[in-house]
Amino acid sequence: MKSRQLPDGLCEACFKESGGAVPCPQCGYDPRRPIEDWSKLPPGFTLENRFVVGRALGQGGFGITYLAYDSSLSFRVALKEYFPRGLSTRHHTACSVLCSQPDEKENFEYGKKKFIEEARSAAQFDNHPNIAIVRDFFETNGTAYIVMNYYEGTDFMHYLKTFGNKVSFPEAMRYLSPVMKALDDIHARGIVHRDVSPDNIFITSDGGVRLLDFGAAKSVFAARVSHSVPIGKEGYCPPEQMTGKEIGPWTDVYGMAATLYRALTGEVPASLGERWENENALPPPSARGARVSKDVDAAILRGLSLKRQDRWQSMFAFEEALKGPDS
């Protein structure tokens, strides 16, 4: 049954005008089809008597993000649900979230607390032009939710795949430089993102760039229950995230250097395991076909140093090094 919070004529999956047609001419959603994936909330499900859930936009190790409709303000938003993979299940009729492992209940609740803390951190930057805006967060339905602005566009990873899997240095910096400055602003408030990677950098349809998904909660939680949730994305995660100790701006420098390496070479940097076994496992970008100067090569490799004290200690220092005389 269609949510009473949704205006007539709007599809309950994409929230565009469907004219009442089934399936939706905009997105193809057909409410007559049986639900195939019970791990996700069904379109039309309403939270807080305000937010109507639509189609799922994506799922990671820590949660599920949906397109949603804010019936109070009458526009679309992105809704992120706390749903840690390996620890969560969903009630098939009530759609509430349950801890799937009774002996992990304490860790499940701990992760939910950190999820809300992540929202509070991100909400500090509600006017920042290069950070996804958090509008609200709340606990209900056995779990927690973060309400964010919904942006049309694509993430940087999909952008790279669309343009031959890699781009030139100037093109990469066109999108990454604003994110570097955003990370500097985040670090100035004592916050570390911890999940800098191409899929957390979003290019909006109007040409803007937004940093998504603060991963601090994810990283801290995963270090506590590493058997259930991945600590970080392979190739973008520095050694200190394995223990959750000595985390600082240099942690995000590693993620950004790895992102730039991926953008220039089309290759994700070697994993920590590979690099510990073979010190030559990470060739400079130029050795993988990137047309960059020795200064850029050196700056990126220093940003990817395994020892955190050998890396650039701030994002500003890293960006300045990329502007070297020969870059």
[X] side chain to [Y] side chain, donor-acceptor N/O pair below 3.5 angstrom:
X	Y	result
E274	S271	yes
S286	D297	yes
D199	S197	yes
Y69	Q5	no
E319	S177	yes
T204	D206	yes

Under 3.5 Å: donor-acceptor pair, side chain of [X], backbone of [Y]:
X	Y	value
S121	E117	yes
T65	L57	no
H187	D252	no
H193	L212	yes
D155	F202	no
R189	Q124	yes
E104	Q101	no
T46	N49	no
N165	L160	no
R210	P129	yes

Working to the nearest 0.5 Å, report the span between [atom1] of [X] and [atom2] of [Y].
X	Y	atom1	atom2	answer
L6	S71	CG	OG	8.5 Å
F138	L47	CZ	CG	5.0 Å
F15	L10	CZ	CG	8.5 Å
M157	T162	CE	OG1	11.5 Å
H92	I35	NE2	CD1	9.5 Å
K16	L67	NZ	CG	9.0 Å

Do [X] and [Y] sit within salt-bridge range, that is, some charged N less than 4.0 Å from a carboxylate O?
X	Y	value
D213	K80	yes
K40	D37	yes
E139	K113	no

Residue pair [X] / [Y], side-chain heavy-atom distance below 4.5 Å:
X	Y	value
L176	V209	no
S88	F83	yes
P31	P43	no
L304	R275	yes
E81	R90	yes
M148	V77	no
W250	E240	yes
M180	M173	yes

Centroid separation F137 to Y82 less than 6.0 Å
no
Between Y175 and Y159, is the ring centre distance below 6.0 Å?
yes
Pair K166, E267 - check side chain to side chain contact (heavy atoms under 4.5 Å, CB included), show working.
CA-CA 9 Å; K166 58 184 177 179; E267 302 285 341; over 6 Å; no
Please list all pairs meeting side chain to side chain donor-acceptor pair (under 3.5 Å) that have one or both residues in residues 300-309, counting only residues at least two apart or in different chains.
E246-R308
Please say yes or no: joined through hydrophobic side-chain contacts below 4.5 Å, possibly via intermediate residues, are [X] and [Y] part of one cluster?
X	Y	result
V268	F169	no
Y261	F163	yes
F75	F51	yes
L98	I64	no
V196	Y236	no

I need the minimum non-hydrogen distance between [X] and [Y], along with the two atoms involved.
X	Y	value
G9	E17	O-OE1, 3.2 Å
G60	R85	O-NH2, 3.5 Å
Y66	A56	CD2-CA, 3.9 Å
W276	P239	CZ2-CB, 4.0 Å
G111	F62	O-CZ, 3.8 Å
N141	A94	OD1-O, 4.1 Å

Taking atom CZ of F316 as the centre, does the number of heavy atoms from other residues, nucleotides or ligands within less than 6.0 Å exceed 12?
no
Start with the C-alpha gap between R194 and E118, add the side-chain angles, then the distance that decides, and say whether salt bridge (charged side-chain N to carboxylate O under 4.0 Å, His left out) holds.
CA-CA 11 Å; R194 305 191 196 209; E118 174 186 317; over 6 Å; no
Give the intermediate values and the outcome of side chain to side chain contact (heavy atoms under 4.5 Å, CB included) for residues R55 and Y29.
CA-CA 9 Å; R55 63 183 174 86; Y29 172 69; over 6 Å; no
Apply the test side chain to side chain contact (heavy atoms under 4.5 Å, CB included) to residues I131 and I186: give CA-CA distance (whole Å), side-chain angles for both, the deciding distance (0.1 Å), then the verdict.
CA-CA 10 Å; I131 298 175; I186 290 169; 3.8 Å; yes
Could you go through N130 and L211, starting from their C-alpha distance and side-chain angles, then the distance that decides it, and tell me whether this counts as side chain to side chain contact (heavy atoms under 4.5 Å, CB included)?
CA-CA 6 Å; N130 299 117; L211 178 64; over 6 Å; no
